[in-house]
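Written out below as structure tokens is the structure these notes cover.
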Amino acid sequence: MKISRLWGYQILDSRGKPTLAATLLLSDGSVHTARIPSGASTGLHEARELRDQDGKFAESMYGGSSVYQACENINDLVTPQLIGHHPDFFKADQMLRELDTSDGFQSIGANAALAISISVAKAQAHAHGGSLARLFQPEGSLKLPMPMVNILSGGAHARNIIDIQDVLALPHGATSFHEAMSWVSAIREVASIEGSKLGAATNLTADEGGLAIEFGSIEAACEFVASCISIVGLRVGADVSLAIDFAATQFYQDGIYRLAKSDRSYTSDEFISYIQKLITSQPILSIEDPFAEDDWRSWSAFMSDAPANLQVIGDDLFTTNLARLERGIDEEASNAILIKPNQNGLLSSTLEVFERAQSAKFRTIVSARSGETEDSWLADLAVGWRAEQIKVGSTHGSDRTAKWNRLFELEATETCEFSKPF
Ligand code: PGA
Ligand code: ZN
């Protein structure tokens, strides 16, 4: 089977913002489309998402956020090189690396690069007669990742109504994927009811489908979610614990961590003590980006004294970048990594980062972005790569359920085990 046609074009993401898709036609007539997500609390060291801030498309109705140039890069530069070839994402990635030798796809755009990488991989899976998950794991029982599900949102995803970005439920006591999802769904629904009792407008959801309920402190937000876990009849800490994404880069400036809602400011050392207290006073099992993306010293200082069972995830810290992960391993900056393919730009090098993390015994959490689409390739990657965990937002919004529902489908139609990382 060979590639007959390939188109790059602009679509809309879950925030109504332009993003990029690529559709590939194979010689057997089958069609393979990849839709690319986009972040809001992006890390400084991510590969470059190309948008039309300047150049000939800057005057479009989308006010500089369109991706027409990235589409043109696909159609004019990439498509002619792929037509007539068998779909092979390693080879396509190699071609993309040669086409744009800059760091982070400055020229063609990481959004264009990833759209090619994923659409070619989907076509390749089809040519092999199976799903994208099965392209990576052709035989044996599949492993479904432990979900980590957004209940409350703040930070850049909900007008800063909580100082941090997410309070998530981590159903580590569940014994199957569907049981885990039934628990977190119940918690999310109870949180909505309890939020209304506090006077919150719970029909207003945040970017990833979590509830945008205002809390004056991080502790109050944690206590609220913990109480919802109890209300549904689950054991806090034994069945379900909390995970926090601080997204601390967002509130760090000139050496100071400033929590505006709590009206408190901390130096790095003070913030380390603050986090240490928070994880002992709240049922927290996992923290993400507790320190800013380049505050390496704080990460290592915190880790040197962190409880052994605490998961400490680098998201903006690593930006799914191999050199940054190597530094993190050397400096013992964390013990887990968030894997976001669009931070990297290529499927093959995202896989390389993933495998390096596994070999260093880092926990792996495959993650969506706050701006998502109805595409579900992320779920297939998580399963095909045997990731321990997955984080795609809440249980609300079809951009989110597309991924959960793909995991339900795999659970129903394949022989699967369930990941129990805790
Ligand atoms: P983002 O948020 O996609 O806006 O970067 C997700 C996260 O920080 O995990
Ligand atoms: Zn994050």
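All residue numbers in this chain count up from 1 along the given sequence. Whatever order the structure lists them in is the order used to number ligands and atoms, beginning at 1. When reading the values below, keep in mind they use all heavy atoms of this one structure, side chains included, and skip hydrogens, waters and symmetry mates.
Note that R363 lies in the cation-pi zone of F422, set by a 6.0 Å cut-off to the ring centre and a 45° limit from the axis.
Among protein atoms, those of element N, O or S found less than 2.8 Å away from the Zn ion (ligand 2) are D245 OD2, E288 OE2, D315 OD2.
The existence of a salt bridge linking K340 and D316 is excluded, since no basic side-chain nitrogen approaches an acidic carboxylate oxygen closer than 4.0 Å. A salt bridge between E414 and R134 is present, with a side-chain N of the basic residue lying under 4.0 Å from a carboxylate O of the acidic one. Using a 4.0 Å cut-off between charged side-chain N and carboxylate O, R258 and D263 make a salt bridge. Between K56 and E72 there is a salt bridge, since at least one side-chain N of the basic residue sits less than 4.0 Å from a carboxylate O of the acidic one. With respect to R369 and E372, no salt bridge is recorded, no charged nitrogen being found less than 4.0 Å from a carboxylate O.
Under a 4.0 Å criterion applied to the non-hydrogen atoms of G39, ligand 1 contributes the atoms 1 (P), 3 (O), 4 (O). If you number the atoms of ligand 1 from 1 as listed, the ones under 4.0 Å from a heavy atom of R369 come out as 1 (P), 3 (O), 5 (O). Interface of K391 with ligand 1, defined as ligand atoms under 4.0 Å from a residue heavy atom, comprises 7 (C), 9 (O). For ligand 1, the atoms lying closer than 4.0 Å to a non-hydrogen atom of A40 are 1 (P), 4 (O). Each of the atoms 9 (O) of ligand 1 lies under 4.0 Å from some heavy atom of L338. Of all the atoms in ligand 1, the ones that sit under 4.0 Å from a non-hydrogen atom of E288 are 9 (O).
Of the heavy atoms in D315, only side-chain atoms (C-beta onward) come closer than 4.0 Å to ligand 1. The side chain of D245, and not its backbone, has at least one atom closer than 4.0 Å to an atom of ligand 1 (non-hydrogen atoms only; side chain from C-beta on).
For Y257 and Y252, the ring centers are positioned less than 6.0 Å apart. Aromatic pair Y274/F291: ring centres not closer than 6.0 Å.
Judged by distance alone, the side chain of S119 and the main-chain N or O of T23 form no donor-acceptor pair under 3.5 Å.
Given atom 6 (C) of ligand 1, the protein heavy atom at minimum distance is K340 NZ, 3.4 Å. The protein heavy atom nearest to atom 8 (O) of ligand 1 is Q165 NE2, 2.8 Å. Of the protein's non-hydrogen atoms, the one nearest atom 2 (O) of ligand 1 is H157 CE1, 3.1 Å.
The shortest heavy-atom distance from S41 to ligand 1 is under 4.0 Å.
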Hey, can you pull the donor-acceptor pairs under 3.5 Å for the side chains in residues 200-208, sequence neighbours left out?
{"unit_1": "T202", "atom_1": "OG1", "unit_2": "S196", "atom_2": "OG", "d": "3.1"}
{"unit_1": "D207", "atom_1": "OD2", "unit_2": "R15", "atom_2": "NH1", "d": "2.6"}
{"unit_1": "E208", "atom_1": "OE1", "unit_2": "H157", "atom_2": "ND1", "d": "3.3"}

